[in-house]
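Structure, as structure tokens:
Chain A is the first sequence line, chain B the second, and so forth, proteins listed ahead of strands; every chain is numbered from 1.
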There are 2 protein chains.
Amino acid sequence: MKDPVAVFSDYVAQKGLKMTPQRRLILDVFLRERGHMASEELYNKVKAVNKAVGQATVYRTLKLLSGSGLAKEFDFGDGVSRYEQTYGHSHHDHLICERCGKNVEVVDQGIEVIQERVAREHGFSLTGHVMHLYGVCADCSRSA
Amino acid sequence: MKDPVAVFSDYVAQKGLKMTPQRRLILDVFLRERGHMASEELYNKVKAVNKAVGQATVYRTLKLLSGSGLAKEFDFGDGVSRYEQTYGHSHHDHLICERCGKNVEVVDQGIEVIQERVAREHGFSLTGHVMHLYGVCADCSRSA
DNA sequence: TTCTGTGCAAATGATTTGCAGCCAG
DNA sequence: CTGGCTGCAAATCATTTGCACAGAA
């Protein structure tokens with residue numbers, strides 16, 4: 001399995017685009033992080049390494065990462081787009097606490113199978129899905 | 001079962017708010033529609049009846065409808081919030097065609113049950129969920 | 001009367017885009 | 001060289017908010 005940097009280089013090259021130091025830096029910082037990250041968070045972490053990088057570049061690069069398949073864009077319903085790593089990360093859904101915002105990644109094979117079946121029943125071929133379960137986590141319901 | 005207008009009146013009264021002609025008009029227009037509607041679409045339809053109604057009032061009223069339980073806010077990932085009627089509509093998930101945007105409402109009891117179980121396993125008490133299945137519909141895959 | 005609601009316009013906040021110069025291929 | 005990049009600031013776009021007046025309870 002190629003390393004993510006190579007995946008990105010290939011994607012960029014194949015699109016006739018260029019590999020720049022900014023893009024490499026943003027990719028590095030992005031890969032170093034776990035979980036979901038908003039563009040602005042990433043921008044701040046990137047600035048910590050190189051203050052000269054512009055916010056627009058981070059936005060533009062995140063789109064490229066998305067296109068290359070290394071990142072996936074998520075929208076949790078607060079007006080901020082978040083991105084999560086998909087490289088070496090298996091698919092998962094989200095279990096979100098409405099009180100504290102805690103975000104747990106979950107997978108259930110049963111759900112995946114049924115989703116496929118539901119789609120097929122309606123003549124759809126499934127390409128992806130987003131499932132967010134909202135609730136109250138143990139900690140929050142205890143301290144309520 | 002009370003009619004939706006009564007549900008809204010009660011909600012408004014109980015909150016110490018007032019029932020105004022604008023709110024009634026917006027509610028009427030909203031109820032007359034099927035499917036998912038963005039604030040601006042609703043605003044346009046409302047304006048067709050009464051040009052004097054302001055866009056901000058539509059936004060504000062949609063929030064109230066949401067709070068009253070008559071509407072549910074949805075975010076499909078394009079930066080626009082959409083609302084769908086929940087009155088007399090049972091819960092459902094969405095099956096969305098990536099080519100033509102077709103949006104089919106689906107329910108599967110099996111998924112609902114598993115979702116509950118998954119949440120419980122993580123100590124969460126579930127309050128709601130959003131599930132969007134993305135794929136290509138029969139029509140689009142035929143004409144591809 | 002007393003607040004709450006409304007329309008309008010200005011304010012927000014995230015994301016995008018135009019531009020002039022820079023640099024990877 | 002050349003067309004793609006970058007940083008900056010200005011521009012968008014959906015949504016929110018401040019305000020003075022209007023109107024429901």
Answer yes when Asp139(B) and Arg99(B) have at least one side-chain N-carboxylate O distance shorter than 4.0 Å, and no when they do not.
no

Tell me the interatomic distance from Arg24(B), atom CZ, to dG23(D), atom P, rounded to whole angstroms.
16 Å

In terms of heavy-atom contacts, does CZ of Arg117(B) have more than 12 from other residues, nucleotides or ligands at under 6.0 Å?
yes

Per salt bridge (Lys or Arg N to Asp or Glu O under 4.0 Å), Arg82(A) is matched among Glu41(A), Glu33(A), Glu40(A) by Glu41(A)

Respond yes when some side-chain nitrogen or oxygen of Tyr59(A) is under 4.0 Å from OP1 or OP2 of dT15(C), and no when none is.
yes

Mind checking Arg60(A) for me? I need base, sugar-phosphate or nothing, with any heavy atom below 4.0 Å counting as a touch.
base

Where the side chain of Thr20(A) is concerned, which of dA24(C), dT6(D), dT6(C) is the nearest nucleotide?
dT6(D)

Provide, to the nearest angstrom, the distance between the CG atom belonging to Asp78(A) and the P atom belonging to dT16(D).
13 Å

For Gln55(B) and dA9(C), give me the distance from atom CD to atom P, rounded to whole Å.
12 Å

Interatomic distance where CD belongs to Gln14(B) and P belongs to dA25(D) [whole Å]
15 Å

At a heavy-atom distance below 4.0 Å, what parts of residues 36-46 of chain B sit against DNA chain C?
none

Below 30° counts as parallel, above 60° as perpendicular, anything between as tilted: where do the rings of Tyr134(B) and His132(B) land?
perpendicular

Residues forming a side chain to side chain donor-acceptor pair (under 3.5 Å) with Thr127(B), sequence neighbours excluded:
Glu98(A)

Mind calculating the distance between NZ (Lys47(B)) and P (dT6(C)) to the nearest angstrom?
17 Å

Of Leu17(A) and Lys51(A), the one whose nearest nucleotide on DNA chain D sits closer to the 5' end is Leu17(A)

Asn50(B) and Ala52(B): which non-hydrogen atoms are nearest, and at how many Å?
OD1-N, 2.8 Å

Over how many whole Å does the gap from Lys15(A) atom NZ to dG25(C) atom C1' extend?
19 Å

Set of residues satisfying ring pair (Phe, Tyr, Trp, His ring centres under 6.0 Å) with respect to His92(B), sequence neighbours excluded
His94(B)

Assign Lys63(A) to base, sugar-phosphate, or nothing according to its heavy-atom contacts below 4.0 angstrom with the strands shown.
sugar-phosphate

Would you say Ser81(A) reaches dT15(C)'s phosphate, i.e. side-chain N/O to OP1/OP2 under 4.0 Å?
yes

Of the options dG5(C), dT16(C), dA14(D), whose atoms approach the side-chain atoms of Val80(B) most closely?
dA14(D)

Would you kindly compare Pro21(A) and Gln22(B) by the position of their nearest DNA chain C nucleotide and give the one closer to the 5′ end?
Gln22(B)

Any side-chain donor near an acceptor of the partner, Glu73(A) and Ser66(A), under 3.5 Å:
no

Give the rounded distance in Å between these two atoms: CZ of Phe74(B) and C1' of dA14(D).
19 Å

5'-most by nearest nucleotide on DNA chain D - Lys18(B) or Gly79(B):
Gly79(B)

Take the protein atom CD of Glu73(B) and the nucleotide atom C1' of dA14(D), then report the distance between them rounded to whole Å.
12 Å

Met19(A) side-chain proximity, nearest of dG5(C), dG25(C), dC5(D):
dG25(C)

